[in-house]
*Asks:* 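Take a look at this one; I'll ask things after.
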Amino acid sequence: LLKWSLLGLALAGVFAGAGLAAGGSAFARCLARCVNPFRELLPPTRTVIARVEPGDATVLRGKPVEVAAEIRGEAVNEAKLYFSDQQAGSARDGATWLVMGLQADGKGRFAGVLPAVKNDTRYFVLAGDTKSDVYALTPQDPPDVAEVRVSLVFPEYSGLGQREAEGGDVDALVGTRATIRVKSGAPLKEAYLRMEDGSLVPMVVKGSAAQTPLAVQKSTSYSVLLVAENETRNENPPVYTVIARRDQPPAVRVSKPGRDVEVPADETLPMAIAATDDCGVEQLAMVYQIKGGRAGRKPIRLGQERRNVVL
């Protein structure tokens with residue numbers, strides 16, 4: 001045995017030059033055969049699959065996945081992709097492998113697309129006289145926006161205080177401080193508001209929830225971008241609107257009598273008055289003057305409804 005090992009070491013140097021041309025993997029097998037002539041080894045190959053992408057990977061469920069292989073060594077005219085999922089049979093037991101050809105780019109790269117990966121999928125590439133390792137694709141559902149809530153703190157002068165609302169739309173006075181809170185069905189790694197102008201506002205993430213403040217200064221829109229811990233991302237998120245309203249002066253309309261009238265001194269004059277204000281009417285009074293007399297002012301008692309007062 002020692003004699004054979006010494007002979008193998010001597011021959012190793014002779015095969016080194018040939019190994020460089022044959023590729024790293026084939027050379028390693030040749031060298032192992034020389035050093036260990038009685039060990040059971042795979043025969044050397046003239047083709048080397050240097051890299052397979054994406055290798056073992058987590059992918060979006062139901063989305064196509066490109067598989068590419070970089071092949072070296074002896075010129076190869078074709079390469080095939082073998083794949084199997086749970087629905088097609090147990091690839092682990094060698095039951096069912098589906099096959100598709102890979103397209104060559106003429107520079108040693110072969111690529112193809114697996115359509116709609118819905119289940120755990122195992123695959124390998126076969127080219128020339130060799131094949132790659134078996135890799136696994138694990139589909140994951142993208143994170144979803146399960147709930148959006150908005151907290152609003154209105155400007156102090158408005159007297160509107162604070163409000164909570166479901167859904168992501170915002171309709172508030174300029175100067176309102178909003179807080180956008182989001183819940184997802186998956187643990188989150190990152191979350192952002194993507195504004196109408198394309199800018200990203202980072203959100204503070206805790207578990208499957210995220211939140212961020214948003215100052216209401218102008219009308220705009222936004223969507224919520226989520227990145228799960230498994231690196232999957234939500235696609236085509238809904239768009240929410242932000243309406244920034246300028247504070248408007250109150251409006252008053254006297255619809256009845258709605259014109260100049262003359263009535264006896266002891267007669268009651270029916271009147272219909274409507275007052276509106278975006279922040280709510282705080283006080284309402286009727287200013288009047290009887291012909292030939294002094295002007296007067298009579299406060300009008302308000303009810304619960306303050307934005308649209310009808311009397």
Side-chain angles (χ1 to χ4, degrees), residues 53-66 85-86 114 116-121 135-247 278-280 307:
E53 296 178 339
D56 293 324
T58 298
V59 299
L60 281 176
R61 189 183 307 276
K63 297 295 182 179
V65 177
E66 182 184 60
D85 63 20
Q86 295 175 344
L114 285 174
V117 177
K118 298 180 180 179
N119 304 291
D120 290 345
T121 300
Y135 299 100
L137 297 176
T138 304
Q140 297 283 347
D141 294 316
D144 62 327
V145 179
E147 178 183 296
V148 181
R149 295 187 65 85
V150 177
S151 300
L152 300 174
V153 180
F154 291 91
E156 186 176 355
Y157 77 84
S158 70
L160 297 177
Q162 303 182 19
R163 295 182 185 176
E164 295 276 340
E166 293 186 2
D169 293 329
V170 177
D171 189 343
L173 290 172
V174 171
T176 299
R177 301 193 308 274
T179 300
I180 311 298
R181 294 183 173 89
V182 176
K183 288 186 178 180
S184 174
L188 299 176
K189 179 181 179 182
E190 301 172 11
Y192 303 89
L193 297 186
R194 182 170 61 192
M195 307 307 295
E196 185 178 29
D197 62 4
S199 61
L200 296 179
V201 178
M203 305 183 76
V204 178
V205 172
K206 185 176 182 181
S208 59
Q211 69 176 51
T212 189
L214 181 67
V216 180
Q217 298 296 338
K218 64 178 183 179
S219 296
T220 183
S221 63
Y222 72 91
S223 56
V224 180
L225 304 183
L226 302 178
V227 181
E229 289 184 347
N230 59 20
E231 299 295 341
T232 57
R233 302 167 183 261
N234 62 327
E235 295 186 334
N236 303 317
V239 177
Y240 303 100
T241 59
V242 177
I243 300 176
R245 298 189 182 275
R246 299 284 177 183
D247 188 12
D278 51 357
C279 294
R307 287 195 175 188

*Asks:* Quick one: pull up CG in Leu173 and CG in Leu160 and give me the separation to the nearest 0.5 Å.
*Replies:*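 With rounding to 0.5 Å, CG (Leu173) is 6.0 Å from CG (Leu160).
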
*Asks:* Is there side-chain contact between Leu137 and Pro54, with heavy atoms separated by less than 4.5 Å?
*Replies:*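 Sidechains of Pro54 and Leu137: in contact.
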
*Asks:* Taking all heavy atoms of Ala186 and all of Asp144, pick out the closest pair and write down the distance.
*Replies:*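 Between these two residues, the closest heavy atoms are N-OD1, 4.4 Å.
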
*Asks:* For the residue pair Arg233 and Pro142, what are the closest heavy atoms and their distance?
*Replies:*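 Heavy-atom minimum between the residues: O-CB, 3.2 Å.
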
*Asks:* Can any side-chain N or O of Ser208 pair as donor or acceptor with the backbone N or O of Lys183 at less than 3.5 Å?
*Replies:*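 Side chain of Ser208 to backbone of Lys183, a donor-acceptor pair under 3.5 Å: no, none is there.
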
*Asks:* Strictly distance-based, threshold 3.5 Å: is any side-chain N or O of Arg61 a donor or acceptor partner for the main-chain N or O of Lys118?
*Replies:*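 Checked: pair present.
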
*Asks:* Of all the heavy-atom pairs spanning Ala136 and Asp56, show the shortest one and how long it is.
*Replies:*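 Answer, listing the atom of Ala136 first, then Asp56: N-OD1, 2.7 Å.
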
*Asks:* For the pair Val170 and Thr176, evaluate side-chain contact (heavy atoms from CB on, under 4.5 Å) and give the outcome as yes or no after the intermediate values.
*Replies:* CA-CA 10 Å; Val170 177; Thr176 299; over 6 Å; no

*Asks:* May I ask you to test the Val205-Lys189 pair for a side-chain heavy-atom distance under 4.5 Å?
*Replies:*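 With C-beta onward as the side chain, the pair stays apart.
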
*Asks:* Given side chains that start at C-beta, do those of Met195 and Leu214 come closer than 4.5 Å, heavy atoms only?
*Replies:*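 With C-beta onward as the side chain, the pair touches.
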
*Asks:* Look at atom CZ of Arg181 and say whether more than 12 heavy atoms of other residues, nucleotides or ligands are closer to it than 6.0 Å.
*Replies:*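 Count over threshold, so yes.
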
*Asks:* Does any part of the side chain of Thr121, heavy atoms only, come nearer than 4.5 Å to the side chain of Val65, both counted from C-beta?
*Replies:*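 A side-chain contact is absent here, since even the closest heavy-atom pair is not under 4.5 Å.
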
*Asks:* Pro143 and side chain to side chain contact (heavy atoms under 4.5 Å, CB included): which single residue from Val227, Thr232, Val224 fits?
*Replies:*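 Of the listed residues Val227, Thr232, Val224, the side chain to side chain contact (heavy atoms under 4.5 Å, CB included) partner of Pro143 is Thr232.
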
*Asks:* If you look at every heavy atom in Val216 and Ala244, which pair is closest and at what distance?
*Replies:*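 Here Val216 and Ala244 meet closest at CG1-CB, 3.7 Å.
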
*Asks:* To the nearest 0.5 Å, how far apart are CZ in Phe154 and CD in Gln162?
*Replies:*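 Between atom CZ of Phe154 and atom CD of Gln162 there are 10.0 Å.
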
*Asks:* Just verifying a value: how many Å separate Ser151 OG and Arg177 CZ, rounded to the nearest 0.5 Å?
*Replies:*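 Reported to 0.5 Å precision, the distance equals 11.5 Å.
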
*Asks:* Let's go through Leu193 and Ser223 carefully: what are the C-alpha distance in whole Å and the side-chain angles of both, what is the deciding distance for side-chain contact (heavy atoms from CB on, under 4.5 Å) to 0.1 Å, and is it a yes or a no?
*Replies:* CA-CA 6 Å; Leu193 297 186; Ser223 56; over 6 Å; no

*Asks:* With a 4.5 Å cut-off on side-chain heavy atoms, are Ile180 and Val150 touching?
*Replies:*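 Yes, close enough: below the 4.5 Å cut-off.
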
*Asks:* If you count every heavy atom of other residues, nucleotides or ligands that lies below 6.0 Å from Glu164 atom CD, does the total exceed 12?
*Replies:*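 Count over threshold, so yes.
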
*Asks:* Is there a side-chain hydrogen bond (donor to acceptor under 3.5 Å, both in side chains) between Gln140 and Thr58? Walk through the geometry before answering.
*Replies:* CA-CA 7 Å; Gln140 297 283 347; Thr58 298; 5.3 Å; no

*Asks:* With a 4.5 Å heavy-atom cut-off, do Pro139 and Leu60 have their side chains touching?
*Replies:*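 Contact flag for Pro139/Leu60 side chains = no.
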
*Asks:* Ignoring hydrogens and geometry, is there a side-chain-to-backbone donor-acceptor pair from Asn234 to Leu225 under 3.5 Å?
*Replies:*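 Absent.
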
*Asks:* So how far is it from Tyr222 OH to Thr212 OG1, rounded to the nearest 0.5 Å?
*Replies:*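 It comes to 10.5 Å.
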
*Asks:* Around atom CZ of Arg194, are there more than 12 heavy atoms from other residues, nucleotides or ligands closer than 6.0 Å?
*Replies:*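 Open.
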
*Asks:* If we ignore hydrogens and angles and just use 3.5 Å, is the side chain of Thr179 paired with the main-chain N or O of Pro213 as donor and acceptor?
*Replies:*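 It does not hold such a pair.
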
*Asks:* Does Glu166, at its CD atom, have more than 12 non-hydrogen atoms belonging to other residues, nucleotides or ligands within less than 6.0 Å?
*Replies:*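 Open.
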
